[in-house]
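Worksheet: one structure, shown below.
In what follows, every heavy atom counts, from backbone to side chain, and hydrogens, waters and symmetry copies are set aside. Residue numbers begin at 1 in each chain, while the letters A, B, ... track the order of the sequences.
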There are 2 protein chains.
Amino acid sequence: MSSPIKVLLAEDQSMVREALAALLGLEDDIEVVAQVARGDEVQAAVGAHGVDVALLDIEMPGCTGIEAAARVRREFPQVKLVVLTTFGRPGYLRSAMEAGADAFLVKDAPAAQLAAAVRKVLAGERVIDPTLAAAALAEGANPLTDREREILRAAADGSTNAELAAALHLSQGTVRNYLSTAIQKLAVRNRTEAVRMAREKGWL
Amino acid sequence: MSSPIKVLLAEDQSMVREALAALLGLEDDIEVVAQVARGDEVQAAVGAHGVDVALLDIEMPGCTGIEAAARVRREFPQVKLVVLTTFGRPGYLRSAMEAGADAFLVKDAPAAQLAAAVRKVLAGERVIDPTLAAAALAEGANPLTDREREILRAAADGSTNAELAAALHLSQGTVRNYLSTAIQKLAVRNRTEAVRMAREKGWL
DNA sequence: GCACCCGCATGACATCTGTCATACGGCACT
DNA sequence: AGTGCCGTATGACAGATGTCATGCGGGTGC
């Protein structure tokens, strides 16, 4: 074996992050050289430590792991990217792949797959749960327009049409039209269900 | 040192669970003797392994860690209970304490606190984040009645009044009345905000 | 150039939601 | 026995929400 694989860990919950570090630390050929708790610190840390593989959680403050992946891919194209997430949402998988991820793992997969994925991506392989890949292909692409997504996201907290209109500088009628088309595209019956559905699919 | 502290780990995401096990495994005086992925498997596992400390995540299939804690407390009063959660919701802390938990940790606390908490509860101490304890005391108890909570929970997925009425065998007007009083108690302006607020407080 | 989609807007209409007053039986506490 | 809260219910009303038709300007693709 030559020098160990240098890994960066990005995950906002300290306890989980450090636990994953402990797990990877058990492997002789892997060394966790950096840990960050925010998406917007990933890029700098990758640059500073000569990282081979970046392990990115999706849900993080600062920016999402997917956004972070895209940035690293642009600036350091040789760095391998593993996206790790709690939720196996097909839409997440799709965006992760579009951002240039080499592997996509869900946190309820067995722990052994983590180290295995690190080694595989370094060998040039891609690692994706086949079930999830099938689901992502089956459900097709996100049918929502940018505006519809924006409004759904803003409506998620229970804001009224009037508040949405004010926040997004739109007329109230326009807000209602967008919500209405989103509701139809998602085949649901009101904004609450629309938000739930979009979240579930990873389209939000 | 006598024999190591026997710990049970209950957490549904395998990767996180096994990572936490790796973390605790680094400690000489702690041994993870059992791992379960469901709340309803905790009780049996505690009985089968002569566990000293049970480490319970709240969000789990089967039953919640809090419910599991209450059951273990009833059947095995000498077992120490550490509740571990992603969300530092004051209402969760309150219910965990009422269920008989000895410690309450949030996952974004430093990893070192985990092993420390295990040792402390075994020594008879209680471990609670002081900030969270203050918040729990400041906000008072859950103001919602059983029925209100039940209806809020059912309304969370975007069901209409008619559906709620059918599901809960109530008249539509009654559903609206309950939602209305819940909305007022939570000082919000519609059901969506009410659900969000109740979730945030850990009252749902 | 012409279709087509997107973003934006208005107005009208039907339905859903939230509020309020009021009522009754049951239970708990005084 | 009286007071008060909870669960349940009804009816009426105002305001929010969802749908539909229609319109306009800008961009993209053929």
Contact check, side chains of B:V106 and B:T85, non-hydrogen atoms, under 4.5 Å: yes
Distance, rounded to the nearest Å, where A:D146 contributes CG and D:dG27 contributes P: 16 Å
Approximate separation, where rounding is to 0.5 Å, of A:S3 OG and A:D29 CG: 10.5 Å
Interatomic distance where OH belongs to A:Y178 and P belongs to D:dC20 [whole Å]: 18 Å
Value rounded to 0.5 Å, distance of CZ in B:R17 from CG in A:D108: 9.5 Å
Rounded interatomic separation in angstrom, taking CZ from B:R147 and P from D:dA9: 9 Å
Salt-bridge present (B:E150, B:R147; N to O < 4.0 Å): yes
Check against salt bridge (charged side-chain N to carboxylate O under 4.0 Å, His left out), A:D57 and A:K107: CA-CA 9 Å; A:D57 186 34; A:K107 284 185 189 166; 3.5 Å; yes
Nucleotide-resolved protein contact map, nucleotides 9-21 of chain C, B/S/- at heavy-atom distance under 4.0 Å: BB-B----BBBB-
Nearest-angstrom distance from the residue atom CG of B:L168 to C1' of D:dA9: 15 Å
Spatial distance of atom CZ (B:R94) from atom CZ (B:F104) [nearest 0.5 Å]: 12.0 Å
